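To keep things clear, I will list the structure first and then write my remarks on it.
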Amino acid sequence: MSAVIEVTTVDPGLLADIQRFGAADVSACFSCGNCSAICPLSNNDGTFPRRMIRYGQVGLRDELLGSKELWACYHCGLCSESCPQRADPGEYMAAARRYAIASYDRTGLARALYVHPAVGSGVLVALAAAFATFFTLMSGAEPRHSLRLFSFLPDSVVHWTGIAVMIAVVLVALAGVSTMVHGLARHEGVHGRDLVVGAASWRRAWRGAWSAVAVESLGQKRFRDDCADADPAEHWYEKRWIVHATVMWGFIGLLVATMLDYGLSLTGVRATGTPEPVWYPVRLLGTVAGLAMVAGVTTMIVSRLRRSNQASTFSHQSDWVFLTLLWVVGVSGLLTELALYLPGAPSWGYWMFVAHVSLAMELLVLVPFMKFAHVIYRPVALFFQSLANTKA
Amino acid sequence: MSERRIGVYICHCGGNISDYVDVAAVRDAVADLPDVVHAETSLFACSDGTQQDMIAMIKEQHLDGLVVASCSPKLHLFTFRGVSRRAGLNPFEYTQANIREQCSWAHTDDREGATLKAIGLVKGAIAKTRESSALEPMAVETTSASLVVGAGIAGLRAAIGLADLGLRVYLLEQSAAVGGWVGHFGPTFPNDRDGRAMVADLLEQLSSRPTITLLTNAELTAKSGSFGNYEVTITVHGERESTVTATVGSIVIATGFDTYEPAIGEYGYGIDGVVTLAEFKALIESSPDGLRFADRPVRTVTYVYCVGNRQPGGNEYCSKFCCSATVHASIEVSAIDPSIHQYHLYRDIRTYGKYELLYEQARKRGSVFMKFPDEVPPSVARTDDGRLVVTTRDTLSGNIDVRIPTDLVVLVTGMVPRENTALTKMLHLPVGGDGFFNEIHPKLRPVETVVDGVMIAGTCQGPKTISESVASGLAAVAQSGAMLMKGVAELDPLVAVVAEAACTWCGECQQVCPYEAITAVSVDGREVATIDAAVCKGCGGCTSYCPNNAIDLLGATDAQMRALIENLVEVVV
Amino acid sequence: MGLTDVDGPSGPRILVFSTNNISDPGIDLAGSRHLHYPSTVFTVTVPCSSAIKPTWILHAFESGFDGVFIGADGDECAYLPDCNARTARIATRAQELMSANGYEPQRVMMAALCSVCAEPFVNHMREFTEKMTALGRVRVLAS
């Protein structure tokens with residue numbers, strides 16, 4: 001599969017560096033291949049995930065970062081259970097993905113967030129505080145008779161801040177994706193012309209994108225079919241793929257609801273801030289999606305606290321940061337909504353709204369720099385995976 | 001041969017034989033043969049009860065020959081020779097037919113064929129017994145003294161062991177200092193015991209034993225006599241050369257090994273920064289705080305294993321100590337400075353037995369082990385910018401070619417046989433294809449050579465670890481004790497003999513005997529060959545050279561072998 | 001009862017010269033592992049393969065054997081460093097005797113057999129038996 005012909009120079013510090021991104025100590029690994037034997041994703045050459053560990057041990061940085069397989073794993077935990085050396089390959093893969101996120105990011109922020117807990121916490125607090133301060137400064141009087149959020153904080157401020165944040169995030173993400181694609185293409189021997197020259201190439205690229213985005217990322221096909229948890233969940237609602245789907249679709253629902261909200265006001269269908277009943281479709285979508293996301297994230301947090309499966313046995317600080325951010329964004333949104341429907345227009349609703357908008361902005365800003373970045377990188381890797389399965 | 005009285009026992013071996021061979025049919029087929037006076041089957045021929053019955057039968061029937069058809073003679077030849085002796089029958093009138101390993105077990109699919117074959121084998125054994133005659137082992141009075149050649153770890157320990165048995169010991173060392181290779185070592189695997197300290201300890205034990213004579217700067221220059229009483233001459237070099245002569249009952253050869261010297265250019269040997277394992281061990285010892293080479297700090301060490309060993313067409317054997325020694329050295333390095341990066345380029349890691357734990361420890365301390373394919377060995381070079389770089393192919397990461405910039409390359413060199421031509425010729429020591437000395441049987445007689453009373457111990461026999469060397473030295477002690485403590489030793493009578501009447505002394509046999517057992521004597525005014533039974537090893541190598549067929553090997557004489565062969569199968573007409 | 005074409009296996013009879021310390025343990029091991037080879041293979045033992053007399057090989061054919069296999073000690077021989085060359089010389093002498101007496105020289109085969117060569121031995125026996133089957137039964141000139 002690997003088309004590398006040139007000689008790679010080893011990076012002696014690679015493994016130690018990866019270890020800063022997680023607990024896995026794979027130096028005990030002697031490449032027996034038990035992990036590959038049991039891995040549901042391992043194909044006929046039987047080298048996954050063993051070879052990923054090998055890259056780390058030997059110090060083959062480019063090979064590791066150029067491996068689409070890194071992102072194929074759903075951390076079912078079977079490898080960690082079957083490892084005779086207790087090297088915890090599953091956690092190693094998680095650490096390697098954190099390392100990859102930090103490596104694809106050229107700003108150095110991701111690395112700082114991952115490996116310097118103090119710096120990371122500082123950035124998180126400072127960023128949230130900055131947004132909160134900004135929005136507070138931009139806010140006006142609090143209407144008393146009813147909760148008029150967008151009178152308090154002008155909708156144009158929220159929207160333009162959101163758009164600015166989105167643009168920044170997309171630019172940073174594109175830079176990261178370009179780094180990643182460069183490495184993957186080199187490692188996989190894929191050239192751009194293979195994907196665009198001729199109808200067959202176009203079809204192959206389209207199929208790859210469909211498989212990566214629709215079937216795998218949104219549909220979680222292999223997560224559902226192949227990568228069952230090593231320790232089967234007691235209840236159906238604790239199954240990792242169901243929990244993940246709840247969070248993912250909850251988040252997408254919220255995103256869509258926000259967009260629609262904005263879209264409706266842009267098109268003049270409905271003025272921003274118009275009071276709506278709870279059954280109003282966009283509002284209903286937002287409410288249901290918010291509840292789903294909060295429920296899913298809560299399940300994840302509980303699972304990590306109880307260490308109820310292999311994937312949640314070890315929690316890196318970055319796991320907590322991501323889950324906590326999602327949770328507070330979701331909960332603050334729901335509370336803001338609650339305040340809207342409570343009689344007497346409680347004034348804490350305004351401050352809950354500021355908190356919600358600030359935290360949501362922070363979450364967006366940090367997408368490329370934290371665990372959230374998997375929404376960018378995993379589909380790219382899966383695209384290459386699909387290309388490999390349909391060799392031209 | 002005139003009429004014989006032969007008894008035949010066919011063993012069931014529980015069912016190991018009788019399940020696949022019709023033992024009753026075998027008995028019926030041989031019971032009425034000429035000279036067979038008794039034939040029976042037995043559930044277990046080797047059982048005490050059957051042995052008693054055999055003794056009674058031999059006495060009662062005045063048997064002068066015994067055949068037991070049972071398992072391999074490797075198991076019970078001496079059992080039934082003992083039965084014969086206890087019954088007053090000469091042990092060499094006993095013949096064993098192997099109808100288990102070479103019949104019932106090999107033909108479990110063919111009962112009829114196995115039965116026919118067993119009948120043939122028993123008939124052949126009977127025919128051979130018909131041609132057998134009584135032989136007496138030669139008794140030799142032995143001298144209670146031993147010579148140990150080589151005062152390395154094996155020789156030192158053997159000398160002390162021999163002295164503790166009450167034997168007079170001459171310990172001879174070619175160089176000025178005792179201790180051999182181990183005497184130069186610092187901490188050794190597996191538990192860091194210091195080589196020099198071990199040798200110092202043995203020397204102290206040696207000096208407290210007055211029955212040991214240690215001769216350094218000495219070599220064995222002459223040997224004569226035969227088993228039990230070898231006359232040895234030892235020349236001691238020095239300002240004034242002197243000789244020591246002694247009579248010894250056994251000789252323990254513990255001359256050790258040499259390390260493989262890589263050729264210039266072999267894995268970069270000769271380039272500054274490329275060293276052998278022995279040189280590296282010395283470097284570690286001289287660097288207690290911070291590994292330095294040529295005044296430069298060492299941050300990365302790359303080991304290349306199996307240098308000069310396991311090479312098709314070269315030294316094909318494995319030196320077996322080197323993997324463990326290297327892994328141990330890497331642990332020492334990480335103890336000096338855990339941040340030093342260590343790459344081990346290997347073909348197979350053979351840290352066998354308990355040494356496996358060292359391998360695990362080394363991995364856990366961060367050593368990276370990389371297997372390279374046999375056909376793509378690593379290459380070592382200095383680049384234009386002066387960096388030492390090893391390029392290797394890592395099979396486990398999918399045959400990726402990697403460059404390892406490194407400060408030091410350690411060539412893991414193994415053992416090679418030491419040049420010992422004079423000693424080999426003098427003692428007629430058997431040398432294997434690999435150049436190391438050969439034992440009689442690698443499993444059952446691991447320290448004896450075909451030269452009676454001459455034993456091999458330590459690494460002159462082949463690569464060994466320190467503990468294995470010492471163990472073989474002590475095995476040589478035990479064998480010497482078994483030979484010498486009684487004061488009398490018996491020599492196997494199965495040697496070559498000359499039929500004087502047929503011999504015309506052409507001298508051919510004398511030329512082909514490497515043991516110098518054959519000389520010419522004058523009998524009735526005629527020169528004929530004679531074979532010294534105490535020197536003859538009983539190989540039979542001379543027999544086929546005699547143009548007059550005048551030499552026979554006792555136990556496999558012309559008459560015995562022809563009778564055996566012609567009775568195995570029936571002529572098809 | 002006896003071995004004849006009428007009442008016994010009709011495969012070619014093979015005589016194996018084996019040695020006490022080296023090939024015998026290998027042949028024993030084949031049996032211990034229940035590896036099958038034709039039951040028409042008979043083994044006789046000498047101390048060293050250099051101790052075989054060429055006349056014994058001729059005698060084997062006169063006695064009804066169809067092939068003779070010499071399990072040579074090769075480099076493993078504890079007695080004679082040149083054991084291989086000596087054994088080869090014996091095989092050559094035997095072939096000369098056989099030719100002179102009307103037996104095909106290819107009825108003798110020599111190969112090194114080690115003390116753990118169970119599978120090689122069994123393979124040799126199967127192949128040699130096939131070769132001797134192709135060659136046909138020996139024509140017994142003397143009896």
Side-chain angles (χ1 to χ4, degrees), chain B residues 25 28-29 72-74 98 100-110 112-114 116-117 119-121 124 430-434 438-443 445 449-450 494 512 514-515 537-541 543-545 549 553 555-556 558 561-562 564-573, chain C residues 1-5 7-9 11 13 15 20-21 24-25 27-48 50-56 59-60 62-65 74-83 86 89-90 93 115 122 137-138 140 143:
Chain B
D28 295 344
S72 168
K74 274 58 178 180
N98 182 350
R100 193 178 73 175
E101 283 83 350
Q102 295 187 2
C103 188
S104 70
W105 278 353
H107 314 303
T108 53
D109 56 339
D110 179 9
E112 193 195 1
L116 286 171
K117 176 170 172 178
I119 291 169
L121 290 171
V431 177
D434 51 21
N438 266 1
E439 65 290 318
I440 292 185
H441 189 289
K443 296 184 180 73
R445 300 176 76 180
T449 67
V450 287
L494 299 178
V512 299
Y515 301 104
K537 305 298 161 229
C539 67
T543 56
S544 71
Y545 282 89
N549 197 19
L553 182 65
D558 210 39
M561 293 305 289
R562 293 176 76 89
L564 168 61
I565 291 166
E566 69 199 21
N567 279 278
L568 291 173
V569 295
E570 300 214 338
V571 179
V572 185
V573 187
Chain C
M1 210 168 167
L3 281 178
T4 67
D5 279 342
D7 63 7
R13 288 87 173 263
L15 181 66
N20 211 10
N21 289 327
D24 253 15
I27 298 172
D28 280 355
L29 185 62
S32 299
R33 290 172 50 189
H34 291 210
L35 302 177
H36 293 150
Y37 55 88
S39 64
T40 42
V41 171
F42 291 79
T43 301
V44 298
T45 303
V46 286
C48 164
S50 301
I52 302 163
K53 289 185 180 175
T55 49
W56 298 347
H59 192 56
E62 294 166 350
S63 304
F65 280 100
D75 291 339
E76 269 198 83
C77 182
Y79 297 104
L80 302 163
D82 58 343
C83 186
R86 289 178 186 240
R89 172 189 156 274
I90 290 163
R93 288 287 165 86
S115 55
V122 169
R137 299 301 285 267
V138 81
V140 180
S143 59

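A quick note: this is a predicted structure, and the numbers were derived from the prediction, not measured. Chain letters run A, B, ... following the sequence lines, proteins first and then strands; every chain starts at 1.
For the options B:Gly540, B:Cys539, B:Pro430, heavy-atom pairs under 4.5 Å to chain C are most numerous at B:Cys539. If you tally non-hydrogen atom pairs under 4.5 Å between each of C:Asn21, C:Asp28, C:Leu80 and chain B, the highest count goes to C:Asp28. When C:Ile52, C:Asp24, C:Val46, C:Ile90 are compared by the number of non-hydrogen pairs under 4.5 Å with chain B, C:Asp24 comes out ahead. Ranked by non-hydrogen atom pairs under 4.5 Å with chain C, the options B:Thr108, B:Asn549, B:Asp109, B:Leu564 are led by B:Asp109. When B:Thr449, B:Leu121, B:Val512, B:Leu494 are compared by the number of non-hydrogen pairs under 4.5 Å with chain C, B:Val512 comes out ahead.
Within the structure, salt bridge (Lys or Arg N to Asp or Glu O under 4.0 Å) contacts touching residues 32-45 of chain C (residues at least two apart or in different chains) are C:Arg33-C:Glu119.
Of all the heavy atoms in B:Gly113 and C:Ser39, the pair that sits closest is CA-OG, 3.3 Å. Looking at every heavy atom in both residues, C:Arg86 comes nearest to B:Pro514 through NH2-CD, 4.0 Å. Closest non-hydrogen pair, C:Pro38 versus B:His107, comes out as O-CE1, 3.4 Å.
For B:Leu553, the part lying under 4.5 angstrom from a heavy atom of chain C is the side chain only. With a 4.5 angstrom heavy-atom cutoff, C:Leu29 does not touch chain B via any of its atoms. For a residue to count as touching a neighbouring chain, one of its non-hydrogen atoms must lie under 4.5 Å from one of that chain's; by this rule B:Lys74 touches chain C with the side chain only. Neither the backbone nor the side chain of C:Cys83 comes within contact range of chain B; no heavy atoms are under 4.5 Å apart. For chain B, the nearby part of C:Leu35 is the backbone; its heavy atoms alone come within less than 4.5 Å. Proximity to chain B (any heavy atom under 4.5 Å) is shown, for C:Asn20, by both the backbone and the side chain. With a 4.5 angstrom heavy-atom cutoff, B:Asn98 touches chain C only via side-chain atoms.
Aromatic ring pairs are classed by plane angle as parallel below 30°, tilted from 30° to 60° and perpendicular above 60°; the pair B:Trp105 and C:His34 is tilted.
Annotation: the span from B:Lys537 atom NZ to C:Cys48 atom SG amounts to 14.0 Å, rounded to 0.5 Å. Separating the CZ atom in C:Phe65 from the CG atom in B:Leu568 is a distance of 4.5 Å, to the nearest 0.5 Å. Atoms CZ and CG, on C:Phe42 and B:Asn567 in that order, are 11.5 Å from each other to the nearest 0.5 Å. Between the CZ atom of B:Arg562 and the OG1 atom of C:Thr55 there is a distance of 5.5 Å, given to the nearest 0.5 Å. The CG atom of B:Asn438 sits 12.5 Å away from the OH atom of C:Tyr79 when rounded to the nearest 0.5 Å. Here CZ of C:Arg13 is found 13.0 Å from NZ of B:Lys117. Values are rounded to the nearest 0.5 Å.
Remark: C:Arg89 pairs with B:Ser544, B:Tyr545, C:Arg93 by the side chain to side chain contact (heavy atoms under 4.5 Å, CB included) rule, at least two apart or across chains.
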### Task
Given side chain to side chain contact (heavy atoms under 4.5 Å, CB included), test C:Ile27 with B:Glu101 step by step and report yes or no.
CA-CA 8 Å; C:Ile27 298 172; B:Glu101 283 83 350; over 6 Å; no
